[in-house]
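Right, one structure below, let's go through it.
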Amino acid sequence: MLLDTYGRVATDLRVSLTDRCNLRCTYCMPAEGLDWLPKPELLTDDEIVRLVSIAVTELGVTEVRFTGGEPLLRPGLVAIVERCAALTPRPQISLTTNGIGLGRTATALRDAGLDRVNVSLDTLRPDVFQTMTRRKRHQDVLDGLAAARAAGLAPVKVNAVLMPGLNDDEAPDLLAWALENRYELRFIEQMPLDAQHGWKREGMVTAGDILASLRTRFALTPENEDERGSAPAERWLVDGGPARVGVIASVTRPFCRACDRTRLTADGQVRTCLFAREETDLRAALRSGVPDAEVAERWRRAMWGKKAGSGLDDPSFLQPQRPMSAIGG
């Protein structure tokens, strides 16, 4: 198992498949994009499946989520999902995506073994979407969401980040839209993971702000704490339920004590935390002929050193040197 010195056991693996993205969200990267990882530095499809297999069969991982960048840009995605779904024991497999491309891939991904998707959509207004992402792809995201729902990739979760002066007035409208379309909405506080390192705590929309805005239109009842488990989102029943809305408050309400995640970057580095500044290189181990048992042991050692928290509350906190697109969300 992947145990740390604080007694936490990691069973949820996040795998970044690429650092590339077809949007340029203002809270993630500059308009011109980034210097993408050279292809030889990326894990191959076989290396990804091998590492997932080690995690599942030797280290106790039960959930695998593919992220990016934008994972739908990975040419071998469907085959990777299919091979990971064939593992014994079979892990739960999900995908975090911006939704562009889901319209043509949702059915194939479901048939390959994908269980569900998380789709990022911050606004219902096409003009605001263009401002935030620097692309005119709003309808493509809506079409992708509909395709995921039609394919049965349920529950279809929608992740939204609210930004001051752009979409911070949309929380109630987003929730009303999600309820109408049978999507599970989760708001995420903006995190210090932008490539520009321009994040400022005093400029973010907090969980408290989001909940206050939602309560102008909806009655929210806190979900039983036992139901949350290690999930990052605090959830509330909407107007008595059964529909729920979640808030992931990584900055103002950190949930590090219950964290069960381990992360693998697109170039094969283990990260113990989204905000970690240290990494453990498994790609080099694979390419030097190290057997699976030794790869597993290196992974265990990396997770054993996981820190108690993200350090966001520490005045000396420093953002990770690598942006979110390279780390994987």
Side-chain angles (χ1 to χ4, degrees), residues 1-6 8-21 28 37 41-43 47-56 58-71 74 77 80-81 84 91-97 118 120 159 188 191-195 230-233 248 250-251 254-286 295-312 318-329:
M1 69 173 64
L2 293 171
L3 177 70
D4 67 36
T5 56
Y6 298 91
R8 296 167 299 192
V9 178
T11 58
D12 185 340
L13 170 62
R14 309 294 172 96
V15 182
S16 177
L17 297 179
T18 178
D19 61 332
R20 295 174 183 265
C21 190
C28 185
L37 290 166
E41 294 185 14
L42 294 173
L43 292 174
E47 287 170 338
I48 290 169
V49 174
R50 182 181 171 192
L51 287 173
V52 172
S53 177
I54 291 170
V56 169
E58 299 193 33
L59 297 173
V61 163
T62 58
E63 299 180 46
V64 177
R65 180 180 301 182
F66 294 113
T67 71
E70 175 43 54
R74 179 88 185 202
L77 174 60
I80 290 171
V81 169
C84 291
Q92 286 289 305
I93 302 175
S94 59
L95 182 77
T96 295
T97 170
N118 288 35
S120 299
N159 297 338
I188 303 177
M191 295 179 283
L193 293 168
D194 58 306
S230 60
I248 299 176
S250 301
V251 179
F255 40 87
C256 303
R257 284 183 297 178
C259 182
D260 66 349
R261 284 155 205 80
T262 182
R263 299 176 181 275
L264 190 63
T265 67
D267 55 352
Q269 312 300 307
V270 167
R271 296 179 66 88
T272 61
C273 173
L274 197 55
F275 302 103
R277 293 176 63 84
E278 306 82 20
E279 298 178 337
T280 299
D281 188 359
L282 295 187
R283 181 192 63 198
L286 296 182
V295 174
E297 183 55 32
R298 294 186 187 190
W299 205 330
R300 287 190 193 94
R301 288 200 298 267
M303 293 304 297
W304 182 250
K306 183 171 182 170
K307 295 178 179 178
S310 63
L312 281 169
L318 295 174
Q319 286 190 220
Q321 294 174 314
R322 305 177 79 183
M324 182 162 57
S325 60
I327 296 170

Just jot down the side chain to side chain contact (heavy atoms under 4.5 Å, CB included) partners of Asp4, sequence neighbours excluded, or say none.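 Side chain to side chain contact (heavy atoms under 4.5 Å, CB included) list for Asp4, sorted by chain: Tyr6, Arg8, Lys306.
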
Suppose we screen for side chain to side chain contact (heavy atoms under 4.5 Å, CB included). Which residues come up paired with Ser94, at least two apart in sequence or across chains? Arg65, Arg116

pair [X]-[Y]: side-chain heavy atoms closer than 4.5 Å:
{"X": "Arg301", "Y": "Thr280", "result": "no"}
{"X": "Val64", "Y": "Cys84", "result": "no"}
{"X": "Phe66", "Y": "Thr97", "result": "no"}
{"X": "Thr67", "Y": "Val15", "result": "no"}
{"X": "Leu95", "Y": "Leu77", "result": "yes"}
{"X": "Thr11", "Y": "Val61", "result": "no"}

The test is side-chain contact (heavy atoms from CB on, under 4.5 Å); show your working for Glu63 and Leu13 and say whether it passes. CA-CA 6 Å; Glu63 299 180 46; Leu13 170 62; over 6 Å; no

[atom1]/[X] to [atom2]/[Y] distance, rounded to the nearest 0.5 angstrom?
{"X": "Asp19", "Y": "Glu70", "atom1": "CG", "atom2": "CD", "result": "12.5 Å"}
{"X": "Ile248", "Y": "Asn159", "atom1": "CD1", "atom2": "CG", "result": "6.0 Å"}
{"X": "Met1", "Y": "Met303", "atom1": "CE", "atom2": "CE", "result": "12.5 Å"}

Heavy-atom closest pair, residues [X] and [Y]:
{"X": "Ala302", "Y": "Val270", "result": "CB-CG1, 4.0 Å"}
{"X": "Val295", "Y": "Leu51", "result": "CG1-CD2, 3.8 Å"}
{"X": "Leu43", "Y": "Asp267", "result": "CG-C, 4.1 Å"}
{"X": "Leu42", "Y": "Leu37", "result": "CD2-CD1, 3.8 Å"}
{"X": "Arg14", "Y": "Arg261", "result": "NH2-NE, 3.0 Å"}
{"X": "Cys256", "Y": "Ala308", "result": "CB-O, 3.5 Å"}

Partner set under salt bridge (Lys or Arg N to Asp or Glu O under 4.0 Å) for Glu279, not counting sequence neighbours: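 Residues passing salt bridge (Lys or Arg N to Asp or Glu O under 4.0 Å) with Glu279: Arg271, Arg322.
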
Glu47: which residues meet the salt bridge (Lys or Arg N to Asp or Glu O under 4.0 Å) condition with it, sequence neighbours left out? Arg287

Is there a donor-acceptor contact under 3.5 Å from the side chain of Arg283 to the main chain of Glu41? yes

side-chain contact (heavy atoms from CB on, under 4.5 Å) between Arg74 and Ile48, worked out: CA-CA 12 Å; Arg74 179 88 185 202; Ile48 290 169; 3.6 Å; yes

By side chain to side chain donor-acceptor pair (under 3.5 Å), Arg50 pairs with (sequence neighbours left out) Asp292

For Arg257, side chain to side chain donor-acceptor pair (under 3.5 Å) partners two or more places apart: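 For Arg257 there are no side chain to side chain donor-acceptor pair (under 3.5 Å) partners, ignoring immediate neighbours.
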
From CA spacing to verdict: side-chain contact (heavy atoms from CB on, under 4.5 Å), Lys307, Thr272: CA-CA 8 Å; Lys307 295 178 179 178; Thr272 61; over 6 Å; no

